Amino acid sequence: VIDASAVESAIIGKLAADPELAGLLPDGVFWDLARQGATRFALVSLSESRALAEINDGETLRAFVYQIKAVALGADSDPIVAADRRIHALLDHGSLELGAAGCSLMIMRFVDRIRYTEISEGDTWQHRGARYEVTVTPNG
Amino acid sequence: MPRNMLKLWGFRELRAELQEFPTGIRDESAPIMLRGARRAENAIRTAYPMGPTGNLKKGVKVLARLAEGIAVFFKVAATAPHTHLYEFGTVKQPARPTFYPIANRERRAAVLEVAALVESKGLEVRGARD
């Protein structure tokens, strides 16, 4: 049985464990919303998911599409550009440790880009990242 | 006739039929794709919340058909200027993915309908169900 929560934890864990990304986004990696007061962080959330056609005796492949973006306070683009680039390097066609999720990675790949600027209470926030598709197949 | 020549009787007719066939498929596919686009439009409008202006809902549209060759396109768009903030989140609000899941679901459903139509014409379809 595929444990979707464990797949999500694996992605967050992979990003959080990377020292280069931690240097660029020191407040950490969060699911859906960052902690109060964070100013440079990564956010992971589920965009969509689906089961692919059955090919293995009732077991299905599953594709999860995650929205994964760097978020930074301020108008300086250098840190967020570097963070976006690092996230992409880690995830696009990358590996993922899914031992606890009951499944194996088939492919993790870039789907489409996300980039926008948010003005909130006079502050400028930059959002950059992408949607990444993670396709897994159940073990056994 | 030389021994190494293969003559295909009826080739001219077959070629003519193949030239006509995609046009027929396109004409029959277009309403299927349009219905799918309309289903997506309605479902996304329903899913979006009613804000003070209603612009999020009002901004969902099916844009003009752009046909090239045998291709059939209908573009479903969310045009409100703050759609991305709703869909992708802000520093205070989490992302609320609505457009992609609905649009992709309806697109897949429409493609499967078209695949069934093509198969009903005796052709084999590969890849459409992935």
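Each chain gets a letter, A, B and so on, in the order the sequences are listed, and its residues count up from 1. Nothing here was measured: the structure is a model prediction, and the numbers come from that model.
- No other option in A:Phe41, A:Trp125, A:Trp31 has as many heavy-atom pairs under 4.5 Å with chain B as A:Trp125.
- Checking side-chain atoms of B:Glu87 against main-chain N and O of B:Phe99 turns up a donor-acceptor pair under 3.5 Å.
- The ring-ring contact (aromatic ring centres under 6.0 Å, His included) search around B:Tyr48 returns B:Tyr86, not counting sequence neighbours.
- B:Tyr100 and B:Phe88 have tilted rings, their planes meeting at an angle from 30° to 60° on a 0 to 90° scale.
- The contact between A:Ser47 and chain B is made by backbone and side chain atoms together, counting heavy-atom distances below 4.5 Å.
- Contacts of A:Leu46 with chain B are made by backbone atoms alone, with heavy-atom separations under 4.5 Å and no side-chain atom involved.
- Results of the side chain to side chain donor-acceptor pair (under 3.5 Å) test with A:Asp84 over A:His127, A:Gln126, A:Arg128, A:Arg113 single out A:Arg113 as the only residue that passes.
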